[in-house]
Amino acid sequence: MCFGCSPANPIGLKLKFKMDGDICRTEFEAGEEHQGWNGYMHGGLIAALLDETMAWWLWLKDISIMTVEMNTRYSIGVPIKTRLVVESWCEEVKRDRLYLMAGRIILPGGKTAVKATAKFMKIDPAQI
Ligand SMILES: CCCCCCCCCCCC(=O)SCCNC(=O)CCNC(=O)[C@H](O)C(C)(C)COP(=O)(O)OP(=O)(O)OC[C@H]1O[C@@H](n2cnc3c(N)ncnc32)[C@H](O)[C@@H]1OP(=O)(O)O
């Protein structure tokens, strides 16, 4: 029951993903329960949004992976009760096992609030 994407997880983000060319995209609106500072989304949950969106770029291509490293650059506070667009893409594949991914959160109006890069390692699907 994935915290990011399962429709059955009562406290999950219930994200749904679509590929658009080589971009994986989802939308999310944070509520009061997702706050850190008043009015703004919690940074750890922002990282979860990006982790999940980068992971789904790979899942949608039937690649079983786990996150092994992630870096997040928070440039603008992410307001709650605001429609966010989250995008991910693949930048490089090393030795057919390590996927260097990137993602961003876009605010209404088009500004990028948060950027992330991460490494995902291909695993045996039987491991998960
Ligand atoms: C229905 C749909 C649901 C869909 C549901 C979608 C859910 C998505 C969830 C989001 C994704 C997550 O958050 S996943 C959860 C968070 N992540 C984790 O818990 C991962 C924990 N880590 C692990 O379990 C392990 O590290 C593995 C299995 C990933 C890899 O272990 P391993 O197979 O033993 O690999 P290991 O020997 O360590 O490393 C292999 C090679 O990669 C190199 N390597 C290792 N780490 C790195 C690194 N960060 N950067 C560079 N290189 C690295 C090593 O040096 C080594 O090089 P060489 O010696 O070969 O030269």
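Note that the coordinates shown come from a computational prediction; the quantities given were computed from them, not determined experimentally. Both counts, for ligands and for their atoms, begin at 1 and track the order of listing.
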> Does NZ or CZ of Lys61 come closer than 6.0 Å to the centre of the six-membered ring of Trp59, within 45° of the ring's axis?
Replying inline: no
>> Assess, by modelled atom type and distance only, whether the side chains of Thr67 and Asp51 contain a donor and an acceptor separated by less than 3.5 Å.
In response: yes
> Just by distance, with hydrogens left out, do Trp89 and Glu91 show a side-chain donor and acceptor under 3.5 Å apart?
Replying inline: yes
In the complex you have, is [atom] within reach of the protein, judged by whether a heavy-atom distance drops under 4.0 Å?
| atom | answer |
| --- | --- |
| atom 45 (C) of ligand 1 | yes |
| atom 38 (O) of ligand 1 | no |
| atom 9 (C) of ligand 1 | yes |
| atom 55 (O) of ligand 1 | no |
| atom 59 (O) of ligand 1 | no |
| atom 33 (O) of ligand 1 | yes |
| atom 52 (N) of ligand 1 | yes |
| atom 12 (C) of ligand 1 | yes |

Contact between [X] and [Y] at the side-chain level, heavy atoms closer than 4.5 Å - yes or no?
| X | Y | answer |
| --- | --- | --- |
| Pro108 | Thr82 | yes |
| Leu98 | Phe120 | no |
| Val93 | Leu100 | no |
| Ser88 | Trp56 | no |

Need the ligand 1 atom indices (1-based, order shown) with element for anything under 4.0 Å from a heavy-atom of [X].
| X | value |
| --- | --- |
| Gln127 | 28 (C) |
| Asp51 | 10 (C), 11 (C), 12 (C), 13 (O) |
| Glu69 | 48 (C), 49 (N), 50 (N) |
| Ala55 | 8 (C), 10 (C) |

Selection from [options] by shortest heavy-atom distance to [atom]:
| atom | options | value |
| --- | --- | --- |
| atom 20 (C) of ligand 1 | Val68, Thr67, Thr53, Leu98 | Thr67 |
| atom 24 (O) of ligand 1 | Met66, Glu52, Arg97, Lys119 | Met66 |
| atom 61 (O) of ligand 1 | Met54, Met70, Arg95 | Arg95 |

In the protein, which heavy atom is nearest to [atom], and how far is it?
| atom | answer |
| --- | --- |
| atom 2 (C) of ligand 1 | Trp56 CZ2, 4.1 Å |
| atom 5 (C) of ligand 1 | Trp59 NE1, 3.8 Å |
| atom 47 (C) of ligand 1 | Met121 CE, 4.1 Å |

> Under a single-linkage rule joining Ile, Leu, Val, Met, Phe, Trp and Tyr whose side-chain heavy atoms are separated by less than 4.5 Å, which residues share a cluster with Ile106?
Replying inline: Val85
>> Can you list everything that forms a salt bridge (charged side-chain N to carboxylate O under 4.0 Å, His left out) with Arg73? Sequence neighbours excluded, please.
In response: none
> Can you tell me how far the CE atom of Met121 sits from the CD1 atom of Ile63, to the nearest 0.5 Å?
Replying inline: 14.0 Å
> Are the charged groups of Arg83 and Glu27 less than 4.0 angstrom apart, N to O?
Replying inline: yes
